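In what follows, a single structure is set out as structure tokens and then discussed.
Numbers restart at 1 for each chain; the letters A, B, ... are given by sequence-line order, proteins then strands. All values derive from a computational prediction rather than experimental measurement. We use all heavy atoms of the structure for the numbers below, so side chains are in, but hydrogens, waters and symmetry mates are not.
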Protein chains: 2
Amino acid sequence: MNAVFKALADPTRRRVLELLREQPMTAGQLAEHFPVSRPTMSAHFTVLREADLIEARKIGTSITYQLKLSVLEDVLLGFAQVFGIGSSERAAGDVSDDARSQLHQAGRSR
Amino acid sequence: MNAVFKALADPTRRRVLELLREQPMTAGQLAEHFPVSRPTMSAHFTVLREADLIEARKIGTSITYQLKLSVLEDVLLGFAQVFGIGSSERAAGDVSDDARSQLHQAGRSR
DNA sequence: CACCAATTTAGCCATTCCTCGAAATAACCC
DNA sequence: GGGTTATTTCGAGGAATGGCTAAATTGGTG
């Protein structure tokens, strides 16, 4: 999960995921969309792969990357849920019990 | 938006946001929840503030931070939407070239 | 086998990031 | 004013990140 957020921190990588949303593409095809070198793109693919956000499949001499949408979905939805985002829930103080548990060692401020 | 994802890339900062979801807290109260120094926490607050994810209000000698949930919500939902996540939509090919925004000039590869 | 095409690995450099202790601010209190 | 508290700014170190070129790898083809 931390790996996913780290992966999402770079604009190039986010864009790669977006391109991959439409259809699987080879490393070369993806690289054509960006103004950086192939090795640099390769490094980005590695980050995405290690975050389990994409999957590589070798076809002949080229490598096709495919988006693992469910992984992205799980992380995004899971995180959003913590904040009551997207679930038409208003959340903010309703988790009362939970809120208290985090403040127990905070009393001594002044 | 890039700033938001950069801010979310660090576990400490994500946790700060979670703590702030329950209620506004002072810098000191927040710092008590983490095993790092105050200056380090202050740096994290700066990143979150520059991403517009939190808001600072000075009260006497201390500074209270408050989560700007709507900003987080907009970014998360906006990004998820590009992938058809969370909207019970299956999407795949509809947002086609709309996703351009961040990296334009791409054509020239070799 | 020799050659070409697609990708990755290796090595390097510059920048950014996370962390710290020490010092500077800012606001309060006696 | 002097002292204390809360927080930030400063300066620095070490690790991670993103970029490149050159070289290695892998697979297909004449």
* Asked: Can A/F5 and B/F5 be said to form a ring pair (Phe, Tyr, Trp, His ring centres under 6.0 Å), step by step?
  -> CA-CA 7 Å; A/F5 276 108; B/F5 275 108; 7.7 Å; no
* Please state how far atom CG in B/N2 lies from atom P in C/dC17, giving the value in whole angstrom units. => 10 Å
* Hey, which sits more toward the 5' end of DNA chain D by its nearest nucleotide, A/K58 or A/T40? => A/T40
* Asked: Please give, in whole Å, the distance from D/dT26 C1' to A/I59 CD1?
  -> 15 Å
* A/R57 has an atom CZ; how far is it from atom P of D/dT26, in whole Å? -> 21 Å
* Counting only heavy atoms not in B/Q66, do more than 12 fall under 6.0 Å of its CD? -> yes
* How long is the gap from CZ on B/R57 to CD1 on B/I63, to the nearest 0.5 Å? -> 12.0 Å
* Asked: What's the CZ-P distance between A/F5 and D/dA16, to the nearest Å?
  -> 21 Å
* **Nearest-Å distance for atom pair CE/C1', residues B/M41 and C/dC17** => 16 Å
* Where the side chain of A/T26 is concerned, which of C/dT7, C/dT19, C/dA22 is the nearest nucleotide? -> C/dT7
* **A/F45 vs B/V36, nearer the 5' end of DNA chain C by closest nucleotide** => A/F45
* For the side chain of A/D10, counting heavy atoms from C-beta on, which of D/dG18, D/dT8, C/dC20 is nearest? -> D/dG18
* Length of the CG-C1' vector between A/L48 and D/dG18, whole Å -> 14 Å
* Between B/K6 (NZ) and D/dT17 (P), how many Å, whole number? -> 12 Å
* **Backbone N/O of B/S42 and side chain of B/T46: donor-acceptor pair under 3.5 Å** => yes
* Structure fact -> Residue pair A/P39/A/A9 against DNA chain D: nearer the 5' end by closest nucleotide is A/A9
* Between atom CG in B/L30 and atom C1' in D/dT8, what is the gap in whole Å? -> 15 Å
* Any idea which of D/dT17, C/dG21, C/dA5 is nearest the B/S37 side chain? -> C/dG21
* Measure from the side chain of A/R38, starting at C-beta and using heavy atoms only, and say which of C/dT8, D/dG18, C/dC17 lies closest. => C/dT8
* Asked: Which nucleotide, C/dT8, D/dG18, D/dT7, lies nearest any side-chain atom of B/I63?
  -> D/dT7
* Asked: Counting only side-chain N and O atoms of A/H44, is one of them less than 4.0 Å from OP1 or OP2 of D/dG19?
  -> yes
* Asked: With distance as the sole test, does A/R14 use its side chain to make a donor-acceptor pair with the main-chain N or O of A/L8 at under 3.5 Å?
  -> yes
* **Presence of B/S42 side-chain N/O under 4.0 Å of D/dT8 phosphate oxygens OP1/OP2** => yes
* So what does A/S62 touch, heavy atoms closer than 4.0 Å: a base, only the sugar-phosphate, or nothing? -> sugar-phosphate
* To do: Under 4.0 Å between any heavy atoms, over every strand shown, what does A/Y65 touch: base, sugar-phosphate, or nothing? Just pick one.
  => sugar-phosphate
